[in-house]
Amino acid sequence: MQYLAEGLRLPTNGLDYTILAIYFVVVLGIGFAARASVKTSLDFFLSGRSLPAWVTGLAFVAANLGATEILGMAATGAQYGVAVVHWYWIGAIPAMVFLGLVMMPFYYRSKVRSVPEYLLQRFDRSAHLLSSILFAFAAILIAGVNLYALSIVVEALLGWDRGVAIVVAGVFVLLYITIGGLSSAIYNEVLQFFVILAALIPLTLLGLKRVGGWDGLTGSLEKSHGGDFLSAWGGTGIGDANPLGANWLTIILGLGFVLSFGYWTTNFAEVQRALSAKNLSAAKRTPLIAAYPKIFIVFAVMIPGLVAAAVFPEIGTPGSDLTYNDAIPLLMRELLPNGVLGIAVTGLLAAFMAGMAANVSSFNTVFTTDIWARYVVKDKPDAYYLRFGRVITAVGVLASIGTAFIAAGFSNIMTYLQTLFSFFNVPMFVVFIIGMFWKRASMKSGVWGLVAGTTAAMVNYFVIYKQGIIDIPTDQGANFVSAIVGFVAGAVVMVAVTLFTAPKPEAELAGLVYGTEPPDADEVPEEGDSAWYRSPALLGWGAIVLAALCYLPYSL
């Protein structure tokens, strides 16, 4: 089991704890304020589809910017170097644009409450039930990663007992989601977005000052780690060695297409934020608005990771008690004065709660609406499902505590998350993408595509990679290959099954398959939404161009 270094403690004082206390009071206050708007299950699970685009957009990026992102991506920077930019400019922005421009109209027009519910409309009950179970299981595992990330940080930095850290933070997340539903989670995520930035920006600037600026950092790392450590594409030719252990083909196909699109377009923890928007125009803009801060957040997590690799050269090396997950906490201990330290610790707690709240709120929606209400206890009054949603939220938090320690076996928690995404998100993506763009895809092909994709990805990782049948240098490289294998297997099986089973009647595909969408009044922008700078297409292409321009210096 991997822990942060035993001697890693921060000199926190009363000022730091006061900042923490104020933050917790504000979080609970937002939860109680949101309670007044929760009258129905739709209010609880999707905020009554009433939120403006700027709120859902910031919540969209904050839901992803959890403790696992901050600790995990900084760890990835310390371990693999500048290649961490791939997870943002190739592994996020194009997929976020695709979600906004192409997939959100399908989701929003169909009035689904969850991503698996779309599969019920497009395929059949078996595909819906299996996808709901897989997603609910994955959501609890990922929420557990956030709990684990929080517990190791708080134990090491503040000296709190690990169990106390898990219970205290879990109770706060449980309280504000149970009280105010998704609205509480989303408005808290907007607050948490700014708190997280307030923690990361000073750490980034002080880290650069510590190593003599960007030139001092790159000079030091080039001597200790080689030139490829500072290049996004260095050494990624097929057959070449590089820190990431992956070549350009697996980066582009495995990360840039399969893992990225699988996560951003089918992960309900993200899509749920867009579904809560007030109209289709706002729903389409939600991931596009989120794409802009996502372009620049990479610097706030990559640079601290690079600084940690330069200042603590023993990090992650055999025999050292420092893991790559220690990068952010080490810099906090070394660089931040009291007060700023309190903001940084609050930022980590905010990141944890944003990530966990996103997964718990998506879990309670899927479990209540897609599993319980449809297959277990049917046709009850809406008030029953509202009460049940609150109960299952508590169950989800307790289950997350149990899964937190599964993440303990990974020195880089982002590697663990990528493994989960290759198992669960990639197979769902292949079913979605074929179902949305191929009318002939049969009703039974959905469930068999899910089974084949998930099985193939797991076999590749646990058998072919872990048993050494094929030599893949790193876990991350294996994740990219697993994603590609899962996607191909799911697609092949869907095509094969379609050839021998009946398609869904074309009359039932209206609005569910590309090219069949009916006229929809929701697509007409409301007054004030028609300005050119609010155009989803312009927002999307602008984000891609800006990300490409940022990429240029790291591609040389």
Side-chain angles (χ1 to χ4, degrees), residues 98 102-103 105-107 109-110 112 114-138 253-254 257-263 265-268 271 366 370-371 374-376 378 421-464 469-470 480-518:
F98 184 81
V102 178
M103 296 187 72
F106 291 99
Y107 286 139
R109 284 197 198 102
S110 61
V112 296
S114 69
V115 167
E117 191 176 344
Y118 173 85
L119 294 185
L120 175 65
Q121 296 188 16
R122 175 60 185 88
F123 294 101
D124 61 6
R125 289 166 60 91
S126 56
H128 171 251
L129 179 59
L130 178 58
S131 64
S132 300
I133 293 171
L134 289 175
F135 178 81
F137 184 61
L253 291 182
F257 176 57
V258 181
L259 276 171
S260 169
F261 280 66
Y263 174 80
T265 65
T266 67
N267 183 12
F268 187 49
V271 175
V366 169
D370 291 283
I371 298 175
R374 194 169 294 275
Y375 299 104
V376 183
K378 305 176 184 179
F421 296 155
S422 69
F423 293 167
F424 299 111
N425 291 95
V426 168
M428 200 173 296
F429 172 62
V430 68
V431 173
F432 268 84
I433 205 68
I434 290 179
M436 282 184 172
F437 288 93
W438 189 28
K439 287 193 294 185
R440 177 65 180 82
S442 70
M443 291 187 290
K444 292 300 179 185
S445 67
V447 66
W448 289 110
L450 286 172
V451 171
T454 302
T455 302
M458 289 184 172
V459 167
N460 180 78
Y461 187 84
F462 290 115
V463 179
I464 297 177
I469 296 174
I470 294 179
F480 297 164
V481 175
S482 294
I484 295 171
V485 169
F487 183 89
V488 171
V492 169
V493 168
M494 284 190 72
V495 172
V497 171
T498 294
L499 297 178
F500 298 98
T501 54
K504 200 175 187 77
E506 190 162 338
E508 298 179 17
L509 295 177
L512 299 175
V513 179
Y514 191 78
T516 66
E517 57 267 26

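Separating the CE atom in M494 from the CH2 atom in W438 is a distance of 8.0 Å, to the nearest 0.5 Å. Taking CD of Q121 as the reference point, atom CG of L512 lies at 5.5 Å (rounded to 0.5 Å). In this structure, CG in N460 is found 9.5 Å from CD1 in I484, a value given to the nearest 0.5 Å. Taking CG of L119 as the reference point, atom CE of M428 lies at 6.5 Å (rounded to 0.5 Å).
Shown here are the side-chain hydrogen bond (donor to acceptor under 3.5 Å, both in side chains) partners of N425, two or more places apart in sequence or in another chain: there are none. Scanning for side-chain hydrogen bond (donor to acceptor under 3.5 Å, both in side chains) contacts around S422 gives an empty result, with sequence neighbours left out.
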### Task
Evaluate the side chain to side chain contact (heavy atoms under 4.5 Å, CB included) criterion for residues V463 and M458: first the C-alpha distance (whole Å), next the side-chain angles of each, then the deciding distance (0.1 Å), finally the verdict.
CA-CA 8 Å; V463 179; M458 289 184 172; over 6 Å; no
### Message
Between F123 and V431, does the side chain to side chain contact (heavy atoms under 4.5 Å, CB included) criterion hold? Intermediate values first, please.
### Response
CA-CA 10 Å; F123 294 101; V431 173; 3.5 Å; yes
### Task
Start with the C-alpha gap between L259 and V426, add the side-chain angles, then the distance that decides, and say whether side chain to side chain contact (heavy atoms under 4.5 Å, CB included) holds.
CA-CA 6 Å; L259 276 171; V426 168; 4.0 Å; yes
### Task
List the steps and the verdict of side chain to side chain contact (heavy atoms under 4.5 Å, CB included) for F487 and L253.
CA-CA 10 Å; F487 183 89; L253 291 182; over 6 Å; no
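When F421, F429, F98, F424 are each tested for a ring pair (Phe, Tyr, Trp, His ring centres under 6.0 Å) with Y263, only one passes: F421.
Between F261 and M103 there is no side-chain heavy-atom pair separated by less than 4.5 Å. Side-chain contact check for D370 versus F135: every heavy-atom pair is 4.5 Å or farther apart. Here the side chains of V271 and Y107 are in contact, with some heavy-atom distance below 4.5 Å. In this structure, M436 and V102 have side chains that are not in contact, with every pair of non-hydrogen atoms separated by 4.5 Å or more. Residues F106 and R122 fail the side-chain proximity criterion, which asks for heavy atoms closer than 4.5 Å.
Applying the salt bridge (charged side-chain N to carboxylate O under 4.0 Å, His left out) definition to pairs two or more places apart or across chains, those involving residues 124-136 are D124-K444. Pairs passing the side chain to side chain donor-acceptor pair (under 3.5 Å) check and including a residue from residues 492-502, sequence neighbours excluded, read S442-T501. Applying the salt bridge (charged side-chain N to carboxylate O under 4.0 Å, His left out) test to residues at least two apart or on different chains, the pairs with a partner in residues 495-506 are K439-E506, K504-E508.
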Enumerate, atom names and distances included, each donor-acceptor pair closer than 3.5 Å involving a side-chain atom of residues 449-457, sequence neighbours excluded.
{"residue": "T454", "atom": "OG1", "partner": "F423", "partner atom": "O", "Å": "3.4"}
{"residue": "T454", "atom": "OG1", "partner": "L450", "partner atom": "O", "Å": "3.0"}
{"residue": "T455", "atom": "OG1", "partner": "V451", "partner atom": "O", "Å": "2.7"}

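Contact detail for A127 and G446: the closest heavy-atom pair is CB-C, 4.0 Å.
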